[in-house]
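Shown next, in structure tokens, is the structure this report addresses.
Order of listing sets the numbers, starting from 1, for every ligand and every atom in it. Values in this document were obtained by computation on a predicted structure and should not be read as measured data.
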Amino acid sequence: MATRNGCEGCTEITCQSTKEVLAAAPAQNVITAYDRVQRRGMSACLFGSGGTCCRNCNMGPCQIIDGIEDMVGICGATADTVAARNFARIVAAGTAAHTDHAREMVRGFIDTAKGEGPHQIKDEAKLKSLAEVFGIATEDREINEIAVELGEKALAEFGKQENTPLSMLQRATEKRQELWKKLNIFPRGVDREVVEMMHRTHMGVDQDYENIMLQASRCALADGWGSSMLSTELTDIMFGTPVPRRAIVDLGVLKADQVNVTVHGHEPLLAEALCIAAQEPDMQELAKKHGAKGINLAGVCCTGNEILMRRGIPVAAGFVQQEIALATGAVEAMVVDVQCVMESLGQVVNNFHTDIITTNYRAKMPGGVHIQFDEHEAINSAKQILTHAIKNYKKRGECFIPEEKKLDVVVGFSHETINYTLGGRFRASYRPLNDNIINGRIRGVAAIVGCDNFKLADDTHEIIARHLIKNNILVLATGCAATSLGRAGLVNPEAARFCGESLAEICETVGLPPVLHMGSCVDNSRILIAATQMVKEGGLGEDISDLPAIGTAPLWMSEKAVAIGQYFVASGAQVVFQDLPTSGAKRFNKYLLEGLMGPLGAHWNVESDPQKLAELMVEKIEQKRDALGINKKSERVLFDMNMRRELSGGVPGAGCTGPA
Ligand code: NFS
Ligand code: SF4
């Protein structure tokens, strides 16, 4: 195996912990994606990056050059049709990933409602409010009875065949619902929209890019409002709606004297079971018998975000750091389920005693040890996995754990928490947020979401966030972007000092971080709800498309990020990415970047430079403020004592709790 020389030449890496691990002795024979990016160079295929390579039938593959008559597909397909089909298939794949995850959560919810398995119904208020959405009676009924009915109705949404809208979409603003009806893009059944998308992009079906994008919107809406939102809400009901708490995000959370188990992937059923099992006396004793002081669980990727939000379990690594966590040599097992798990992990562990434990029949890998997670025997399954990890502890060789950076984060901002935090404990509402936006002390709201990506510098999220908060824009973050902003020290109240004056004042008064961690990528649905609540609160227009708000997933990597982008656009929110695989098709690209404004009131934007991207976000927010007529010069309002009392009374996490 080729050796690497520390992280020399890895100019893209800015994370100190990552650099330290790569420079330390245990990592010397580890090849990471950073190396592979450099070795391969950046010359990606132009047809692939521009979206004009088609292999949808066996007359091709066809590589199409826009504007050259002979360079259409053998079937005559133009660059626009091919790029639109490819783009729509990305949306379908991303939707499939989210919805398959959501279905598992609904099934787990039904088990819980029936009293099977280790979990309980924790958030009864949310259960009842969701029951209402599904038209389920709640009065004089047992909680579990309501939950079973809710679970079964939720499960039926996936295979629904009637031409009626999915239930959760009633939560959108009336104006948006009317628009979806008018465009005939109300999603009907979650699975059906993915199937129809795949069908319509099959050879010889839909060859009109505008029409293809209607179904792409419908498919994405089935993801965001239809199933991701369902997953988030039911997960909250089972595991508790997040409240603010302090925690750590850093590779340095691994412990030299404990069995380190990193949990990587997406579905929180497994992670929750591991959290419960790791605390049980028999597991603790077993760890001690094998010479360790205990079991240290740490999260990776979105599973990490799920247990960070609800339990304050530390996150060791985001997407780009999954190999780095293993390169410490200090991990006994990396337990994985589905999505964003790199195949290279199986090779990285060849250097160490570490096992990759795959737990989901859908996702096995060369070099992995498979222990199927059985949700009906969740704790026993989790114990079997932990036992395997514990037995590895004595085999640990040389390891290097970077010093913990003590950069803590305050996480747990569900839409409910924002409501309480800003609205006051006795008067939970978005009114103060709206008022502060209207009076200009908060200019608007920006979401920084999605992945990180080895192709681009890992301080991109930080550059964008710093510019936004400096300009008094409140940032909402999810997914690996939130992890990266946590590492940058922006997800805690002390970061108020990096804000513009008026946002700083609000953050300091309320004890609020200027970057609010709202959870995993599935939890982007929380942002849809928060935005809708802002509209319903009044004063900021009639629809999400009126709000001074914008989203970005600058370092997107996964198809899921494109599905998310499309459901935001179809919900009326502007979205900006650093690139899109559509640049090889002029008309279609223009349609995404401008034309969608017509039907949807929002469109995609592309800007490769992080600083310019942030400036674009500010500009778009200011344009919305102009359109709302709230950019009038107004007197600066200072907080008087009453306002302070009102605000600080509402911070459940003012003196935030430590890890649970
Ligand atoms: Ni979202 Fe989360 Fe991370 Fe990207 Fe992957 S873990 S679901 S897809 S890489 S943010
Ligand atoms: Fe080529 Fe058309 Fe077949 Fe695509 S569908 S591979 S463009 S012939």
Side-chain angles (χ1 to χ4, degrees), residues 33 47 51-66 71-86 89-90 93-102 200-207 223-224 228 231-232 249 263-268 271 299-309 315-322 336-342 447-455 458 461 477-486 517-525 552-565 577 584-585:
F47 296 99
T52 57
C53 171
C54 182
R55 46 181 190 78
N56 287 13
C57 89
N58 198 33
M59 293 190 286
C62 299
Q63 296 177 319
I64 293 159
I65 300 177
D66 202 2
M71 290 299 286
V72 293
I74 302 292
C75 66
T78 62
D80 295 315
T81 303
V82 167
R85 288 197 305 220
N86 287 339
R89 284 194 166 200
I90 294 175
T95 301
H98 281 145
T99 56
D100 216 25
H101 164 161
R200 280 167 68 161
T201 51
H202 180 276
M203 191 272 157
V205 188
D206 201 349
Q207 338 212 58
D223 174 348
S228 284
S231 180
T232 295
V249 173
V263 200
H264 178 9
H266 284 79
E267 293 174 5
V300 178
C301 281
C302 276
T303 283
N305 285 322
E306 298 274 1
I307 49 180
L308 174 79
M309 287 283 280
V315 167
F319 176 76
V320 289
Q321 293 174 303
Q322 55 188 293
V336 306
D337 58 7
V338 290
Q339 302 169 20
C340 304
V341 177
M342 296 202 327
I448 304 182
V449 308
C451 324
D452 22 37
N453 185 328
F454 298 94
K455 288 198 300 190
D458 64 3
H461 296 117
T478 58
C480 292
T483 305
S484 126
L485 292 169
H517 195 318
M518 295 188 79
S520 66
C521 283
V522 161
D523 294 337
N524 281 315
S525 57
T552 181
L555 295 180
W556 77 278
M557 162 292 293
S558 149
E559 291 162 315
K560 290 176 285 175
V562 180
I564 293 166
F577 278 26

Region of Q207 engaging ligand 2 - heavy atom pairs below 4.0 Å: neither

Protein N, O or S atoms lying under 2.8 Å from atom 1 (Ni) of ligand 1, listed by chain and number: C521 SG

Within-2.8 Å protein N/O/S contacts of atom 2 (Fe) of ligand 2: C75 SG

Q207 and T81: side chain donor to acceptor below 3.5 Å: no

Top protein contact for atom 7 (S) of ligand 1, by heavy-atom distance: H266 NE2, 2.8 Å

Sub-4.0 Å atoms of ligand 1 with respect to non-hydrogen atoms of M557: 9 (S)

Atom pair CD1/CG of I448 and L555 - distance to nearest 0.5 Å: 10.5 Å

Under 4.0 Å to a heavy atom of R85 - the qualifying atoms of ligand 2, by number: 4 (Fe), 5 (S)

N524: partners by side chain to side chain donor-acceptor pair (under 3.5 Å), with sequence neighbours left out: T478

Those residues that, when tested against S231, pass side chain to side chain donor-acceptor pair (under 3.5 Å) (two or more places apart): none

Distance-minimising heavy-atom pair for G450 and A553: CA-CB, 4.3 Å

Identified side chain to side chain contact (heavy atoms under 4.5 Å, CB included) counterpart of V315 within the set V249, I307, V300, T303: V249

Full working for side chain to side chain contact (heavy atoms under 4.5 Å, CB included) between D452 and H461: CA-CA 9 Å; D452 22 37; H461 296 117; 4.2 Å; yes

Considering all heavy atoms, the nearest A563-D223 contact: CB-OD2, 3.6 Å

Of C54, C53, C62, the residue whose pairing with V82 passes side chain to side chain contact (heavy atoms under 4.5 Å, CB included): C54

Donor-acceptor pair between H101 and K560 side chains, under 3.5 angstrom: no

Test side chain to side chain contact (heavy atoms under 4.5 Å, CB included) applied to H98 and I564, step by step: CA-CA 10 Å; H98 281 145; I564 293 166; 3.6 Å; yes

